[in-house]
Number of protein chains: 2
Amino acid sequence: MTYTIKEAAKKTGLSIYTLRFYDKSGLLPFVARNASGYREFTDGDLQLLHTICCLKNTDMKIADIRTYITYVMQGPDTVKQRQALLAKHREKVVAKQAQLAQNLQEIDYKLDMYRAPDAVARVKDELRLAKADKLLAGLADPFQATH
Amino acid sequence: MTYTIKEAAKKTGLSIYTLRFYDKSGLLPFVARNASGYREFTDGDLQLLHTICCLKNTDMKIADIRTYITYVMQGPDTVKQRQALLAKHREKVVAKQAQLAQNLQEIDYKLDMYRAPDAVARVKDELRLAKADKLLAGLADPFQATH
DNA sequence: GCTTGCCCTAGAGCGTGCTCTAGGGTTTAT
DNA sequence: ATAAACCCTAGAGCACGCTCTAGGGCAAGC
């Protein structure tokens, strides 16, 4: 009922290199070794790895993930610390979500413009304004106007 | 009606270093120089910089932003290319949003557990299962159980 | 005219997260 | 018993996005 590193890599979608790197970085202290020094991943290990990926995918730093894993290894006494760490991280994720949503709106605004029937006219207008700005400031026009 | 690099930095929230780095990287071909070689940012430049930040904040690679800016510099003929580039990027952003939402759910699940009145009991249970996995596989228990 | 504070470039350095190489042992199948 | 396919570590290397240093010029106030 254990998996080799290759199997674990396949199941997690991480590369073998990454798994070893994570282990080296102290993220996988729970992974046991067999008599030959080979890693043996249990299902429980994969669950923990899943949590690690979850934190990594939300841009938690390796060092912070290590802190979290250290708490987990220390048992139920560290529930409060885990909660504090995750709560702080949660706020960052929510903030990132908000920023992403806002930026997406702006990208969509541009996309709508480019997709509109009068896209070329609107882009020409934008360009005209930018050029006017330059002119007003007595600066050279950097745009390669071919029309 | 122009801004120095310091003012542009303040207005964009980027460091002066970053602005110069972006310029070096080909992201700011539109920024003019005065007789002394100093950069002069117009309001139009700041708008373009805003777009650049938007793309950067949604994890577009510098090289791809440069491609986009190159299109912009080439004028209205490149509307189709801009659209294709942004459309592709949009999909990545949407995918990232979905992943973030999913990961947030999992973080919230953990947080709920840690915040529950019976948090310690539930964590102990989790731990018990992980230990059982190890035992079943004939592996050592890596958890520092102090209870 | 001198100080202070700004601007410039080129290029080195750094932090993060992998990714790969070299060198070597283990396991499995034939 | 040998080949093929796996495993290991240590450490080098790489990609990216800055960040800073060195060395030097420009501008404004006293």
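So that the names make sense, note that chain A is the first sequence line, chain B the second, and so on, each numbered from 1. The figures that follow rest on heavy atoms only: side chains count, while hydrogens, waters and symmetry mates do not. This structure is a prediction, so every number in the text was calculated from the model and none was measured.
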Nearest whole angstrom, please: distance from the P of D/dC7 to the OH of A/Tyr3.
15 Å
Within the structure, does a side-chain N or O atom of A/Arg39 lie under 4.0 Å from either OP1 or OP2 of C/dT26?
no
Test side chain to side chain contact (heavy atoms under 4.5 Å, CB included) on A/Val79 and B/Met113 and set out the steps.
CA-CA 9 Å; A/Val79 162; B/Met113 183 170 79; over 6 Å; no
With respect to the phosphate group of C/dC7, does any side-chain polar atom (N or O) of B/Thr4 fall under 4.0 Å of OP1 or OP2?
yes
B/Ser25 near the nucleic acid: base, sugar-phosphate alone, or nothing, with a heavy-atom cut-off under 4.0 Å?
nothing
Is any NZ, NE, NH1 or NH2 atom of the basic residue among B/Asp23 and B/Arg33 found under 4.0 Å from an Asp or Glu carboxylate oxygen of the other?
yes
Is there a donor-acceptor pair under 3.5 Å between the side chain of B/Arg90 and the backbone N or O of A/Ile107?
no
A/Asn57 CG to C/dG17 P, straight-line distance once rounded to whole Å:
13 Å
Whole-Å gap separating C1' (D/dG25) and OH (B/Tyr38):
6 Å
Starting at CG of A/Leu28 and ending at C1' of C/dG17, how long is that distance when rounded to a whole Å?
14 Å
Short side-chain to backbone donor-acceptor contact, A/Asp133 and B/Gly44, under 3.5 Å:
yes
If the threshold is 4.0 Å, N to carboxylate O, is there a salt bridge linking A/Arg122 and A/Asp125?
no
Please tell me whether A/Asp77 and A/Tyr71 have a donor and an acceptor in their side chains that are separated by less than 3.5 angstrom.
no
Is the backbone N or O of B/Gln81 less than 3.5 Å from a side-chain atom of B/Thr78, with the two atoms forming a donor-acceptor pair by type?
no
For DNA chain D, whose closest nucleotide is more 5', that of A/Glu40 or that of A/Lys24?
A/Glu40
A/Asp64 side chain to A/Thr67 side chain, donor-acceptor N/O pair below 3.5 angstrom:
no
Residues in contact with DNA chain D, drawn from residues 59-67 of chain B - heavy-atom cutoff 4.0 Å
B/Lys61, B/Ile62
Is the side chain of B/Glu7 donor-acceptor paired with the backbone N or O of B/Thr4 at a distance under 3.5 Å, no angle test?
yes
Looking at A/Ser36, does any N or O in its side chain come under 4.0 Å of the phosphate oxygens OP1/OP2 on C/dT27?
yes
To the nearest Å, how far apart are B/Tyr22 OH and D/dG17 P?
8 Å
For DNA chain C, find the residues of residues 5-21 of chain B with a heavy-atom distance under 4.0 Å and give them by number; none if there aren't any.
B/Ile5, B/Lys6, B/Ile16, B/Arg20
Quick one: A/Arg33 CZ to D/dC7 P, roughly how many Å, whole number?
12 Å
